[in-house]
Amino acid sequence: MPIHILNIMHIINVGHDIFNANGKLAEKNKALFDNHGVFAINIMGAIGSGKTTLIEEAIKRLKGRYSIAVIAGDVVADMDAARFEKLGVVAVAANTGRECHLDAKIVEKALTQIDFGNTDILFIENVGNLICPVDYELGEHERVVVVSVSEGDDIVMKHPMIFKTSDFAMIHKVDIAEAVDVVPSTMERDINFLNPTIPILLTSKHNDTSIGQWVGYIESHMDKR
Amino acid sequence: MQKKRALQVHEYSLACDIFENVMDVSRANNAQVVKSITLRIGKLAHINPDQLLFSFEAVAQGSIAEGATVNVEPVSPSVECDCGYITSADEYMNETKTSEDDGVEGDGKNANSDTSLINLHEYMSLLSCMELKCPACGAIAKLTGGKDLVIQTIDIENRD
(Lines give C-alpha, C1' and ligand atoms only; values in the text may rest on other atoms or scores of the structure.)
Protein backbone atom coordinates (compact mmCIF):
# COMPACT_ATOMS: atom_id res chain seq x y z
CA MET A 1 0.00 0.00 0.00
CA PRO A 2 1.49 3.36 -1.00
CA ILE A 3 2.15 5.83 1.71
CA HIS A 4 0.29 9.08 1.25
CA ILE A 5 2.06 12.13 2.41
CA LEU A 6 -0.39 14.73 3.43
CA ASN A 7 0.42 18.14 2.08
CA ILE A 8 -0.76 20.88 4.35
CA MET A 9 -1.12 24.42 3.12
CA HIS A 10 -1.02 27.20 5.55
CA ILE A 11 -0.58 30.90 5.67
CA ILE A 12 2.03 32.34 7.94
CA ASN A 13 1.63 35.87 9.19
CA VAL A 14 5.02 37.44 8.87
CA GLY A 15 4.64 41.20 9.14
CA HIS A 16 8.32 41.66 8.43
CA ASP A 17 9.10 45.27 7.55
CA ILE A 18 11.99 45.36 5.08
CA PHE A 19 12.70 49.07 5.53
CA ASN A 20 12.39 48.81 9.28
CA ALA A 21 15.46 46.59 9.38
CA ASN A 22 17.35 49.53 7.91
CA GLY A 23 15.65 51.94 10.30
CA LYS A 24 16.78 49.94 13.32
CA LEU A 25 20.38 49.91 12.13
CA ALA A 26 20.14 53.65 11.45
CA GLU A 27 19.07 54.18 15.06
CA LYS A 28 22.08 52.20 16.17
CA ASN A 29 24.36 54.37 14.05
CA LYS A 30 22.74 57.50 15.44
CA ALA A 31 23.27 56.33 19.02
CA LEU A 32 26.93 55.79 18.18
CA PHE A 33 27.19 59.33 16.77
CA ASP A 34 25.45 60.81 19.79
CA ASN A 35 27.53 58.89 22.32
CA HIS A 36 30.71 60.20 20.76
CA GLY A 37 29.53 63.72 19.97
CA VAL A 38 29.80 63.23 16.22
CA PHE A 39 27.64 65.45 14.01
CA ALA A 40 26.63 63.41 10.94
CA ILE A 41 25.36 64.96 7.69
CA ASN A 42 23.97 62.94 4.81
CA ILE A 43 24.61 64.74 1.51
CA MET A 44 22.34 63.59 -1.30
CA GLY A 45 22.04 64.71 -4.90
CA ALA A 46 22.29 63.62 -8.50
CA ILE A 47 25.46 62.50 -10.22
CA GLY A 48 27.54 65.58 -10.96
CA SER A 49 25.45 67.92 -8.82
CA GLY A 50 28.53 69.03 -6.86
CA LYS A 51 28.24 67.02 -3.63
CA THR A 52 31.95 66.23 -3.48
CA THR A 53 32.96 69.81 -4.24
CA LEU A 54 30.66 71.26 -1.59
CA ILE A 55 32.02 68.84 1.02
CA GLU A 56 35.60 69.68 -0.03
CA GLU A 57 34.95 73.39 0.29
CA ALA A 58 33.39 72.92 3.72
CA ILE A 59 36.31 70.76 4.87
CA LYS A 60 38.82 73.43 3.81
CA ARG A 61 37.10 75.97 6.04
CA LEU A 62 36.28 73.70 8.97
CA LYS A 63 39.32 71.46 9.36
CA GLY A 64 41.26 74.00 11.40
CA ARG A 65 38.60 73.94 14.09
CA TYR A 66 37.12 70.48 13.95
CA SER A 67 38.19 66.89 13.36
CA ILE A 68 36.46 65.70 10.22
CA ALA A 69 35.78 62.31 8.66
CA VAL A 70 34.03 61.48 5.40
CA ILE A 71 32.25 58.40 4.15
CA ALA A 72 32.23 58.60 0.36
CA GLY A 73 29.53 56.44 -1.14
CA ASP A 74 30.05 55.25 -4.67
CA VAL A 75 28.97 52.31 -6.72
CA VAL A 76 32.60 51.49 -7.45
CA ALA A 77 35.93 53.34 -7.27
CA ASP A 78 37.41 55.43 -4.51
CA MET A 79 38.16 58.64 -6.41
CA ASP A 80 36.02 60.76 -4.10
CA ALA A 81 37.61 59.32 -0.97
CA ALA A 82 41.03 60.12 -2.46
CA ARG A 83 39.95 63.74 -3.03
CA PHE A 84 39.00 64.06 0.64
CA GLU A 85 42.18 62.38 1.83
CA LYS A 86 44.20 65.00 -0.03
CA LEU A 87 42.66 67.56 2.32
CA GLY A 88 44.09 65.70 5.28
CA VAL A 89 40.87 64.23 6.67
CA VAL A 90 39.90 60.63 7.31
CA ALA A 91 38.01 59.30 4.28
CA VAL A 92 36.39 55.91 3.88
CA ALA A 93 35.22 54.74 0.47
CA ALA A 94 31.91 52.94 0.88
CA ASN A 95 31.45 51.02 -2.31
CA THR A 96 27.91 49.87 -2.70
CA GLY A 97 28.85 47.62 -5.60
CA ARG A 98 25.38 47.35 -7.04
CA GLU A 99 23.26 49.79 -5.10
CA CYS A 100 21.95 53.17 -6.08
CA HIS A 101 22.01 54.42 -2.48
CA LEU A 102 23.81 54.03 0.83
CA ASP A 103 21.98 52.12 3.52
CA ALA A 104 22.49 51.97 7.27
CA LYS A 105 24.36 48.69 7.00
CA ILE A 106 26.97 49.98 4.55
CA VAL A 107 27.45 53.02 6.77
CA GLU A 108 27.76 50.84 9.88
CA LYS A 109 30.52 48.89 8.17
CA ALA A 110 32.32 52.05 7.08
CA LEU A 111 32.11 53.39 10.63
CA THR A 112 34.47 50.67 11.86
CA GLN A 113 37.24 52.55 10.08
CA ILE A 114 36.56 55.83 11.83
CA ASP A 115 37.97 56.93 15.18
CA PHE A 116 34.94 58.39 16.90
CA GLY A 117 36.83 59.74 19.87
CA ASN A 118 38.56 62.03 17.42
CA THR A 119 35.70 63.08 15.13
CA ASP A 120 33.48 66.15 15.39
CA ILE A 121 31.87 66.17 11.95
CA LEU A 122 31.10 63.22 9.72
CA PHE A 123 30.10 63.93 6.14
CA ILE A 124 28.31 61.04 4.48
CA GLU A 125 28.29 61.55 0.73
CA ASN A 126 25.50 59.44 -0.71
CA VAL A 127 25.54 57.74 -4.10
CA GLY A 128 24.55 60.14 -6.90
CA ASN A 129 20.80 59.70 -7.13
CA LEU A 130 17.69 61.73 -6.32
CA ILE A 131 15.36 58.78 -5.76
CA CYS A 132 16.70 55.77 -3.92
CA PRO A 133 18.49 57.50 -0.99
CA VAL A 134 15.14 58.94 0.14
CA ASP A 135 13.93 55.65 1.60
CA TYR A 136 17.09 54.93 3.58
CA GLU A 137 17.87 56.61 6.88
CA LEU A 138 21.52 56.27 7.82
CA GLY A 139 21.44 57.61 11.38
CA GLU A 140 22.38 61.13 10.28
CA HIS A 141 21.41 64.33 12.11
CA GLU A 142 20.86 66.34 8.94
CA ARG A 143 19.71 65.37 5.46
CA VAL A 144 20.97 67.74 2.81
CA VAL A 145 19.95 67.70 -0.85
CA VAL A 146 22.15 69.29 -3.52
CA VAL A 147 20.72 70.12 -6.91
CA SER A 148 22.69 71.94 -9.60
CA VAL A 149 21.28 74.34 -12.18
CA SER A 150 22.78 72.16 -14.92
CA GLU A 151 20.16 69.52 -14.12
CA GLY A 152 17.48 71.77 -15.59
CA ASP A 153 14.83 73.79 -13.81
CA ASP A 154 12.22 71.02 -13.91
CA ILE A 155 14.40 68.61 -11.92
CA VAL A 156 12.85 69.60 -8.59
CA MET A 157 9.25 68.82 -9.46
CA LYS A 158 10.33 65.53 -11.02
CA HIS A 159 11.78 64.35 -7.71
CA PRO A 160 9.38 65.63 -5.06
CA MET A 161 10.09 63.20 -2.24
CA ILE A 162 13.76 64.08 -1.72
CA PHE A 163 12.86 67.74 -1.33
CA LYS A 164 9.97 66.94 0.96
CA THR A 165 12.09 64.83 3.29
CA SER A 166 15.36 66.80 3.46
CA ASP A 167 16.34 69.32 6.13
CA PHE A 168 18.34 71.64 3.90
CA ALA A 169 18.55 72.27 0.16
CA MET A 170 21.33 73.76 -1.92
CA ILE A 171 20.94 74.99 -5.49
CA HIS A 172 24.49 74.69 -6.72
CA LYS A 173 26.54 75.98 -9.67
CA VAL A 174 24.40 79.13 -9.84
CA ASP A 175 27.30 80.88 -11.59
CA ILE A 176 26.56 78.93 -14.77
CA ALA A 177 22.77 79.31 -14.59
CA GLU A 178 22.59 81.67 -17.55
CA ALA A 179 24.73 79.43 -19.72
CA VAL A 180 22.41 76.48 -19.14
CA ASP A 181 19.32 78.66 -19.51
CA VAL A 182 18.00 78.09 -16.02
CA VAL A 183 16.60 80.63 -13.59
CA PRO A 184 17.62 79.53 -10.08
CA SER A 185 14.64 81.30 -8.54
CA THR A 186 12.34 78.88 -10.42
CA MET A 187 14.05 75.97 -8.70
CA GLU A 188 13.87 77.81 -5.41
CA ARG A 189 10.15 78.40 -5.87
CA ASP A 190 9.56 74.70 -6.63
CA ILE A 191 11.50 73.53 -3.57
CA ASN A 192 9.56 76.00 -1.46
CA PHE A 193 6.31 74.73 -2.88
CA LEU A 194 7.18 71.12 -2.04
CA ASN A 195 8.59 71.94 1.37
CA PRO A 196 7.60 75.38 2.70
CA THR A 197 9.86 75.17 5.77
CA ILE A 198 13.14 73.96 4.22
CA PRO A 199 16.01 76.48 4.21
CA ILE A 200 17.42 76.94 0.69
CA LEU A 201 20.89 78.19 -0.19
CA LEU A 202 22.14 79.22 -3.63
CA THR A 203 25.79 78.25 -3.97
CA SER A 204 28.74 78.38 -6.30
CA LYS A 205 32.24 77.09 -5.73
CA HIS A 206 33.49 80.45 -6.99
CA ASN A 207 31.40 82.50 -4.60
CA ASP A 208 33.09 82.64 -1.21
CA THR A 209 30.08 84.16 0.52
CA SER A 210 27.83 81.28 -0.49
CA ILE A 211 30.36 78.68 0.65
CA GLY A 212 30.69 80.60 3.90
CA GLN A 213 26.91 80.36 4.36
CA TRP A 214 27.03 76.60 3.76
CA VAL A 215 29.74 76.29 6.41
CA GLY A 216 27.69 78.53 8.71
CA TYR A 217 24.73 76.23 8.26
CA ILE A 218 26.80 73.20 9.29
CA GLU A 219 28.20 74.91 12.37
CA SER A 220 24.84 76.24 13.48
CA HIS A 221 23.40 72.72 13.49
CA MET A 222 26.20 70.98 15.31
CA ASP A 223 24.29 71.16 18.58
CA LYS A 224 22.05 68.44 17.15
CA ARG A 225 24.71 65.86 18.06
CA MET B 1 21.42 30.78 0.21
CA GLN B 2 23.41 33.67 -1.20
CA LYS B 3 22.14 34.68 -4.60
CA LYS B 4 24.39 36.31 -7.11
CA ARG B 5 23.65 40.02 -7.06
CA ALA B 6 24.52 41.27 -10.46
CA LEU B 7 21.86 43.76 -11.42
CA GLN B 8 22.10 47.29 -10.23
CA VAL B 9 18.62 48.38 -9.37
CA HIS B 10 17.03 49.24 -6.09
CA GLU B 11 14.26 46.68 -6.56
CA TYR B 12 16.69 43.83 -7.05
CA SER B 13 18.29 44.25 -3.65
CA LEU B 14 14.87 44.62 -2.04
CA ALA B 15 13.85 41.39 -3.78
CA CYS B 16 16.94 39.74 -2.30
CA ASP B 17 15.98 40.96 1.18
CA ILE B 18 12.45 39.66 0.71
CA PHE B 19 13.73 36.35 -0.62
CA GLU B 20 16.07 35.85 2.33
CA ASN B 21 13.26 36.58 4.77
CA VAL B 22 10.88 34.26 2.96
CA MET B 23 13.50 31.51 3.08
CA ASP B 24 14.09 32.03 6.81
CA VAL B 25 10.39 31.79 7.58
CA SER B 26 9.97 28.80 5.27
CA ARG B 27 12.81 26.89 6.92
CA ALA B 28 11.46 27.69 10.36
CA ASN B 29 8.09 26.29 9.29
CA ASN B 30 9.44 23.25 7.52
CA ALA B 31 8.01 24.36 4.19
CA GLN B 32 8.30 22.28 1.04
CA VAL B 33 6.89 24.86 -1.30
CA VAL B 34 6.14 28.56 -1.07
CA LYS B 35 2.85 29.08 -2.86
CA SER B 36 2.34 32.78 -2.46
CA ILE B 37 3.61 35.87 -0.73
CA THR B 38 1.68 39.01 0.11
CA LEU B 39 3.54 42.28 0.29
CA ARG B 40 2.31 45.62 1.53
CA ILE B 41 3.93 48.41 -0.47
CA GLY B 42 3.54 52.05 0.49
CA LYS B 43 2.48 54.24 -2.38
CA LEU B 44 5.18 56.74 -1.49
CA ALA B 45 8.01 54.20 -1.26
CA HIS B 46 10.27 54.41 -4.27
CA ILE B 47 9.43 50.91 -5.37
CA ASN B 48 8.18 49.82 -8.74
CA PRO B 49 6.11 46.69 -8.03
CA ASP B 50 6.59 45.32 -11.55
CA GLN B 51 10.36 45.54 -11.26
CA LEU B 52 10.23 44.11 -7.76
CA LEU B 53 8.17 41.12 -8.89
CA PHE B 54 10.38 40.56 -11.90
CA SER B 55 13.47 40.66 -9.67
CA PHE B 56 11.91 38.32 -7.15
CA GLU B 57 11.13 35.80 -9.87
CA ALA B 58 14.78 35.86 -10.89
CA VAL B 59 16.07 35.54 -7.33
CA ALA B 60 13.68 32.72 -6.45
CA GLN B 61 14.65 30.55 -9.40
CA GLY B 62 15.70 27.08 -8.33
CA SER B 63 14.42 27.59 -4.79
CA ILE B 64 11.24 26.39 -3.12
CA ALA B 65 9.79 29.83 -3.81
CA GLU B 66 10.20 29.50 -7.57
CA GLY B 67 6.93 30.34 -9.26
CA ALA B 68 5.33 31.66 -6.08
CA THR B 69 2.58 34.20 -6.66
CA VAL B 70 3.46 37.58 -5.24
CA ASN B 71 0.44 39.69 -4.29
CA VAL B 72 0.87 43.37 -3.71
CA GLU B 73 -1.35 45.37 -1.38
CA PRO B 74 -0.77 49.07 -1.93
CA VAL B 75 -0.74 51.16 1.24
CA SER B 76 -2.04 54.69 1.05
CA PRO B 77 -0.30 57.43 3.02
CA SER B 78 -2.37 59.61 5.36
CA VAL B 79 -3.10 63.29 5.33
CA GLU B 80 -2.80 64.46 8.90
CA CYS B 81 -3.36 67.84 10.53
CA ASP B 82 -2.36 69.13 13.96
CA CYS B 83 -6.04 69.87 14.63
CA GLY B 84 -6.69 66.13 14.76
CA TYR B 85 -8.04 65.68 11.25
CA ILE B 86 -6.80 62.52 9.56
CA THR B 87 -7.80 60.76 6.38
CA SER B 88 -6.24 58.45 3.83
CA ALA B 89 -4.48 60.31 1.05
CA ASP B 90 -6.51 58.37 -1.52
CA GLU B 91 -9.72 59.74 -0.10
CA TYR B 92 -8.26 63.19 0.28
CA MET B 93 -7.26 63.25 -3.39
CA ASN B 94 -10.61 62.01 -4.54
CA GLU B 95 -12.43 64.58 -2.46
CA THR B 96 -10.18 67.41 -3.57
CA LYS B 97 -10.60 66.45 -7.19
CA THR B 98 -14.33 66.19 -6.86
CA SER B 99 -14.61 69.63 -5.35
CA GLU B 100 -12.30 71.04 -8.04
CA ASP B 101 -14.33 69.34 -10.75
CA ASP B 102 -17.46 70.98 -9.40
CA GLY B 103 -16.15 74.45 -10.04
CA VAL B 104 -13.96 74.06 -13.09
CA GLU B 105 -14.80 72.61 -16.47
CA GLY B 106 -11.71 70.42 -16.21
CA ASP B 107 -9.17 69.80 -18.93
CA GLY B 108 -9.82 66.09 -18.83
CA LYS B 109 -6.21 65.41 -17.83
CA ASN B 110 -7.00 64.49 -14.27
CA ALA B 111 -10.59 63.64 -14.86
CA ASN B 112 -10.18 60.14 -13.54
CA SER B 113 -11.14 60.45 -9.92
CA ASP B 114 -10.34 56.87 -8.95
CA THR B 115 -6.81 56.97 -7.54
CA SER B 116 -6.54 53.19 -7.64
CA LEU B 117 -6.37 53.39 -11.41
CA ILE B 118 -3.39 55.69 -11.72
CA ASN B 119 0.07 54.22 -11.55
CA LEU B 120 2.24 54.65 -8.50
CA HIS B 121 4.64 57.12 -10.02
CA GLU B 122 1.87 59.36 -11.18
CA TYR B 123 0.29 59.03 -7.77
CA MET B 124 3.46 60.03 -5.99
CA SER B 125 4.08 63.10 -8.07
CA LEU B 126 0.43 64.12 -8.04
CA LEU B 127 0.17 63.79 -4.31
CA SER B 128 3.49 65.27 -3.34
CA CYS B 129 2.95 68.24 -5.63
CA MET B 130 -0.45 68.99 -4.12
CA GLU B 131 -0.84 71.70 -1.55
CA LEU B 132 -2.30 69.77 1.35
CA LYS B 133 -4.83 71.94 3.07
CA CYS B 134 -6.76 70.59 6.02
CA PRO B 135 -10.46 70.54 5.10
CA ALA B 136 -11.37 70.92 8.77
CA CYS B 137 -9.30 73.95 9.80
CA GLY B 138 -7.55 75.19 6.65
CA ALA B 139 -4.01 74.77 7.99
CA ILE B 140 -1.30 73.00 6.01
CA ALA B 141 -1.62 69.27 6.63
CA LYS B 142 1.20 66.73 6.71
CA LEU B 143 1.64 63.63 4.62
CA THR B 144 2.49 60.63 6.79
CA GLY B 145 3.16 56.92 6.18
CA GLY B 146 2.84 55.17 2.86
CA LYS B 147 6.51 54.29 2.73
CA ASP B 148 6.24 50.67 3.84
CA LEU B 149 7.59 47.49 2.39
CA VAL B 150 6.23 44.69 4.53
CA ILE B 151 6.07 40.95 3.98
CA GLN B 152 2.56 40.46 5.24
CA THR B 153 1.91 36.74 4.78
CA ILE B 154 3.57 33.73 3.24
CA ASP B 155 1.46 30.85 2.03
CA ILE B 156 3.42 27.61 2.29
CA GLU B 157 2.81 23.93 1.75
CA ASN B 158 4.51 21.48 4.06
CA ARG B 159 4.49 17.91 5.16
CA ASP B 160 3.40 17.39 8.69
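Both backbone and side-chain heavy atoms feed into the values below; hydrogens, waters and symmetry mates do not. Lettering of chains follows the sequences in order, A, B, ..., and the numbering in each one begins at 1.
Using cut-offs of 30° and 60° on the angle between ring planes, the pair A:H141 and A:F33 is tilted.
For B:K147, the parts sitting under 4.5 Å from any heavy atom of chain A are the backbone and the side chain alike. For a residue to count as touching a neighbouring chain, one of its non-hydrogen atoms must lie under 4.5 Å from one of that chain's; by this rule B:I18 touches chain A with backbone and side chain alike. Heavy atoms of A:H101 lying under 4.5 Å from chain B belong exclusively to its side chain. Looking at B:N21, the atoms closer than 4.5 Å to chain A (heavy atoms on both sides) all sit in the side chain, from C-beta outward. When heavy atoms are compared at a cutoff of 4.5 Å, A:F19 approaches chain B by way of both its backbone and its side chain. With a 4.5 angstrom heavy-atom cutoff, A:T197 does not touch chain B via any of its atoms.
The candidate with the highest count of non-hydrogen atom pairs below 4.5 Å against chain B, out of A:I11, A:I12, A:D17, A:D190, is A:I12. Interface summary for chain B: among A:I131, A:V134, A:L194, the most heavy-atom pairs under 4.5 angstrom belong to A:I131.
Taking every heavy atom of both residues into account, A:A104 and A:L138 meet most closely at N-CD2, 3.8 Å.
The number of heavy-atom neighbours closer than 6.0 Å to CG of B:N29, taken from other residues, nucleotides and ligands shown, is above 12.
Annotation: side chain of B:I156 is not in contact with side chain of B:V25 (no heavy-atom distance under 4.5 Å).
Between the side chain of A:T52 and the main chain of A:D80, no donor-acceptor pair closer than 3.5 Å is present.
For A:H159 and A:F163, the gap between ring centers reaches or exceeds 6.0 Å.
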